[in-house]
Amino acid sequence: MNFNSIIDHTLLKPQATSSDIKTLIQEAKTYNFGAICIAPVWVRLAKKELEKTNIKIVTVIGFPLGNQISAIKQKEAALAIAHGADEIDMVMNIGKFKEKDFQFIINEINQIKKEIGDKILKVIIETALLSPSEIANATKVISSTNADFIKTSTGFSYRGATFQDLEIINENKSEKLAIKAAGGISNFSDMEAFYKLGATRFGTSKSVSIINGLKDKKNEY
């Protein structure tokens with residue numbers, strides 16, 4: 001398995017500068033990562049820097065809390081695509097989900113998907129803030145929408161993805177819904193374990209050290 005191709009090489013720190021983004025992009029080129037994941041303000045820069053490459057641009061919407069007005073999230077997504085984004089990772093409205101306003105969640109996701117057309121939409125449910133039963137229910141709700149992926153975490157809560165999260169999601173998702181694991185993934189062993197549990201995309205800021213660790217592991221044999 002070529003894990004490089006399913007890594008979204010990520011930099012979402014609020015203090016990131018254009019120089020930092022250019023470094024991220026150069027790393028993505030060097031290591032042949034499938035995508036970079038950046039804040040919307042940097043999408044135009046990334047589009048220019050990634051000309052004549054196959055590296056996708058992923059950006060985040062309603063990030064990191066998810067509680068923005070739906071119309072603002074829709075507009076943010078539409079502008080991100082107009083600026084050159086290939087994929088959108090949006091944060092679910094966690095408060096609305098917790099009060100069981102599932103129709104609100106479904107409508108918001110489907111409206112954002114409508115805005116971006118055939119571009120890939122991933123929905124972040126922030127598993128750290130949900131109980132196991134809520135993770136199961138969130139997975140079922142996301143499965144009933146037009147989203148392409150369910151994503152575990154923003155990386156901004158008190159924890160990221162866990163193996164239990166992936167097990168619950170995999171048990172409750174529809175066949176068409178893919179999984180992106182993100183948050184706290186810092187070594188190849190964990191990435192491989194998440195892959196075996198059903199994740200087919202990964203969001204991490206530790207991409208380079210993970211792949212270098214994999215190379216070191218191969219050199220041991």
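A quick note: this is a predicted structure, and the numbers were derived from the prediction, not measured.
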Open item on the list: Please evaluate residues Asp20 and Lys13 with respect to the criterion salt bridge (Lys or Arg N to Asp or Glu O under 4.0 Å), reporting the C-alpha separation (whole Å), side-chain torsions for both, the decisive distance (0.1 Å), and the verdict.
Closed with: CA-CA 10 Å; Asp20 297 325; Lys13 292 179 179 179; over 6 Å; no
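- For the pair Asp8/Phe202, no side-chain contact is recorded, criterion being any heavy-atom separation below 4.5 Å from C-beta on.
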TODO: Kindly indicate, with the supporting measurements, whether the criterion ring pair (Phe, Tyr, Trp, His ring centres under 6.0 Å) is fulfilled by Phe97 and Phe104.
DONE: CA-CA 8 Å; Phe97 173 80; Phe104 178 96; over 10 Å; no
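- In this structure, the side chain of Thr204 engages the main chain of Ile185 through a donor-acceptor pair within 3.5 Å.
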Task: Chi angles and distances behind the salt bridge (Lys or Arg N to Asp or Glu O under 4.0 Å) call for Asp148, Lys122 - done: CA-CA 6 Å; Asp148 302 287; Lys122 311 187 198 85; over 6 Å; no
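- With hydrogens and angles ignored, the 3.5 Å screen pairs a side-chain donor or acceptor of Thr59 with a backbone N or O of Ile38.
- Checked by atom type and distance alone, the side chain of Asn187 pairs as donor or acceptor with a backbone atom of Ser189 at under 3.5 Å.
- Transitive grouping of hydrophobic side chains (ILVMFWY, heavy atoms separated by less than 4.5 Å) brings Leu24 and Val41 into a common cluster.
- Ser153 places no side-chain N or O within donor-acceptor distance of the main-chain N or O of Gly155, the cut-off being under 3.5 Å.
- Both Leu177 and Ile168 are assigned to one and the same hydrophobic cluster, defined by single-linkage of ILVMFWY side chains at heavy-atom distances under 4.5 Å.
- Phe188 pairs in a ring-ring contact (aromatic ring centres under 6.0 Å, His included) with only one of the listed residues (Phe194, Tyr195, Phe3), which is Phe3.
- Ile135 and Val141 end up in the same hydrophobic cluster when Ile, Leu, Val, Met, Phe, Trp and Tyr side chains are linked at under 4.5 Å.
- The side-chain contact (heavy atoms from CB on, under 4.5 Å) with His9 is formed by just one residue from the set Cys37, Ser205, Ser207; it is Ser207.
- Without hydrogens or angle criteria, Tyr158 side chain to Ala128 main chain gives a donor-acceptor distance under 3.5 Å.
- Lys73 places a side-chain N or O within 3.5 Å of a backbone atom of Gly66 that can act as its donor or acceptor partner.
- The side-chain heavy atoms of Thr200 and Ile179, taken from C-beta on, include no pair separated by under 4.5 Å.
- Under the 4.5 Å side-chain heavy-atom criterion for ILVMFWY residues, no single connected hydrophobic cluster contains both Tyr31 and Val58.
- Checking side-chain atoms of Thr23 against main-chain N and O of Ser19 turns up a donor-acceptor pair under 3.5 Å.
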- [ ] Show your reasoning for whether side chain to side chain donor-acceptor pair (under 3.5 Å) applies to Asn107 and Gln103.
- [x] CA-CA 6 Å; Asn107 290 343; Gln103 196 57 52; 3.0 Å; yes
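- Among all heavy-atom pairs drawn from Leu129 and Ser157, the shortest one is CD2-OG, 3.6 Å.
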Open item on the list: Go through it in stages, so that I can follow the logic: the residues are Ser143 and Asn172, the test is side chain to side chain contact (heavy atoms under 4.5 Å, CB included), and I'd like the CA-CA distance, side-chain angles, deciding distance and then a yes or no.
Closed with: CA-CA 9 Å; Ser143 292; Asn172 290 278; over 6 Å; no
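- Annotation: side chain of Trp42 is not in contact with side chain of Ile57 (no heavy-atom distance under 4.5 Å).
- Taking the side chain as every heavy atom from C-beta outward, Glu192 and Lys196 approach each other to under 4.5 Å.
- Residues Leu50 and Ile36 form a side-chain contact, since some pair of their non-hydrogen atoms from C-beta on lies under 4.5 Å apart.
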Open item on the list: Show, in sequence, the C-alpha distance, side-chain angles and deciding distance for Glu134 and Lys98, and conclude whether the salt bridge (Lys or Arg N to Asp or Glu O under 4.0 Å) test is met.
Closed with: CA-CA 8 Å; Glu134 286 175 327; Lys98 283 197 171 270; 2.9 Å; yes
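- Counting only distance, with no hydrogens or angles, the side chain of Asn93 and the backbone of Asn67 share no donor-acceptor pair below 3.5 Å.
- The distance from atom NZ of Lys29 to atom CD of Glu49, rounded to the nearest 0.5 Å, is 6.0 Å.
- Between Leu130 and Ile94, some side-chain heavy-atom pair lies under the 4.5 Å cut-off.
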TODO: Output, in order, the C-alpha distance, side-chain angles, deciding distance and verdict of salt bridge (Lys or Arg N to Asp or Glu O under 4.0 Å) for Arg159 and Asp165.
DONE: CA-CA 11 Å; Arg159 71 162 176 84; Asp165 293 342; 2.7 Å; yes
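- Just one residue in the list Glu108, Lys75, Lys96 forms a side chain to side chain donor-acceptor pair (under 3.5 Å) with Ser70, and that residue is Glu108.
- Taking 4.5 Å as the limit, some side-chain heavy atom of Arg201 sits within range of a side-chain heavy atom of Glu87.
- Annotation: cation-pi geometry not satisfied between Lys180 and Phe149 (NZ/CZ under 6.0 angstrom from ring centroid, within 45° of ring axis).
- With hydrogens and angles ignored, the 3.5 Å screen pairs no side-chain donor or acceptor of Thr139 with any backbone N or O of Ile169.
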